[in-house]
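Atoms within a ligand are numbered from 1 in the order they appear, just like the ligands themselves. Numbers here simply count residues along the sequence, with the first being 1.
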Amino acid sequence: MNRREFLEIVAAAAVLPTFARQGANANEWGAPVLDLHFHFRPQPAANLAHLDGAGITKANLLTRGGVLDQVKALQAAAPGRFTWFTSYDVTRPDAEQVLTQAVKSGAQGFGEMKFHVAADGPELRRMYALAADLQVPILIHIQEVDHSPNEGTWSAGFAKSFAAVLKEYPKTTFIGHADAFWANISADYHNEAAYPTGPVKRGGATDRWLGDYPNLYGDMSAVSGNNAMARDPAFAADFLKRHQDKLLFGSDCSCRDGHGAGYNNPAAPQMAGKCVARETLTVLKRSTVPVIFQKIVWGNVHRLLRIPVS
Ligand SMILES: [Zn+2]
Ligand SMILES: [Zn+2]
């Protein structure tokens, strides 16, 4: 996309009423869609290219570091289409100070928090406490199996330790995401694979905790969320019904155009060249009824972030 095309998009976004654009986008999926898990792209037009290409109305930008001006510029260029979460190295002593300032500047949550620390370790614990103080949700990447050699673990120990965390921080809103969060919907999972396949064994930790703890939500993004819903259709239909108020659609898709261009995850060759947003919206749509689909792709996140549904 060249500069002229980008300026045309910005101009169109500024002129058209928000609801009109949402109405147009609603047609493709039968409901407007908010992508909770969209990594901010430095070039403004690249963000809109993914949303528009995938038929998505709004996205929650995930950022790390000093990009406040760029986020504000994008929000101004496309009014009503972008909310914003931010992250910062949780091992640094100034993490609380930096994240508090970001919330004062308009960040609506912490995320994604993706660090080589324990899920119940001191670094994340102070973030859980801060998220409760500031009344913002915290989105956590949980992964124990490498995608590439020596990648390391992220928020390790989830299956063993997280029930205690959920109990200890009842005022913190946790949003779980990534491989180990979703693989643990099955009771027979023991870190054998990043994306386990086949029938789900009932009673997995993630499934139980979504039911038991009002402060736990599930981010359905990435191959992990897609795989969890695609591996066992009968389980998926029941899971979506039981947790219909706790699940949030997200893509975590890095494709360029909302149609799969350039998407490549070495751990999931079957997804190469596909758009994760489109794949997951398709699985969700065929796995549940329209009223539950609408909650997962739109209603729940608006309630959670206290965004008026216009
Ligand atoms: Zn992640
Ligand atoms: Zn995509």
Side-chain angles (χ1 to χ4, degrees), residues 1 25 28-29 33-41 43 45-65 81-82 85-90 109-117 119 124 127 137-148 151-156 158 162 174-184 194-195 206 217-228 230 248-268 270-285 297:
M1 186 171 297
N25 284 336
E28 179 161 8
W29 300 107
V33 174
L34 191 154
D35 180 350
L36 175 77
H37 198 119
F38 183 77
H39 288 282
F40 174 71
R41 302 174 180 197
Q43 203 214 11
N47 297 279
L48 291 165
H50 194 270
L51 268 67
D52 292 343
I56 289 172
T57 312
K58 299 182 185 177
N60 185 45
L61 302 169
L62 304 182
T63 66
R64 193 184 293 188
R81 295 194 75 183
F82 293 101
F85 280 17
T86 194
S87 178
Y88 187 77
D89 186 345
V90 297
F110 296 166
E112 100 179 82
M113 305 309 253
K114 182 176 181 179
F115 301 98
H116 297 298
V117 296
L124 277 172
M127 296 302 117
I138 179 165
L139 194 169
I140 311 158
H141 181 107
I142 304 158
Q143 178 186 334
E144 311 235 8
V145 176
D146 287 354
H147 289 190
S148 50
E151 190 178 0
T153 59
W154 317 83
S155 315
F158 169 78
F162 218 67
F174 295 91
I175 306 176
H177 148 75
D179 307 13
F181 181 80
W182 286 110
N184 278 294
Y195 307 125
T206 297
Y217 289 76
D219 163 355
M220 312 198 79
S221 69
V223 174
S224 53
N226 180 283
N227 180 63
L248 309 162
F249 167 75
S251 76
D252 201 5
C253 186
S254 57
C255 90
R256 286 193 297 275
D257 59 356
H259 291 276
Y263 186 79
N264 184 34
N265 174 344
Q270 75 280 9
M271 294 290 272
K274 295 181 180 172
C275 173
V276 184
R278 288 187 163 277
E279 295 298 310
T280 297
L281 287 165
T282 301
V283 173
L284 290 173
K285 212 166 156 62
V297 305

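- Under the 3.5 Å distance criterion, the side-chain polar atoms of H116 are matched with a main-chain donor or acceptor of T153.
- Checking side-chain atoms of N47 against main-chain N and O of R41 turns up a donor-acceptor pair under 3.5 Å.
- In this structure, a donor-acceptor pair under 3.5 Å is absent between the side chains of H50 and D35.
- Aromatic ring orientation, H37 versus H39: perpendicular (interplanar angle above 60°, classes split at 30° and 60°).
- Panel note: side chain K285, backbone W29; a donor-acceptor pair is recorded below 3.5 Å.
- The backbone N or O of T57 lies less than 3.5 Å from a partner atom in the side chain of R81, making a donor-acceptor pair.
- Atoms SG of C275 and SG of C253, as seen from the Zn ion (ligand 2), are separated by an angle of 120°, to the nearest 10°.
- In summary, an N, O or S atom of H50 is located under 2.8 Å from the Zn ion (ligand 2).
- By the criterion of a separation under 2.8 Å, the protein N/O/S atoms near the Zn ion (ligand 1) amount to E112 OE2, H141 ND1, H177 NE2.
- R278 places no side-chain N or O within donor-acceptor distance of the main-chain N or O of H259, the cut-off being under 3.5 Å.
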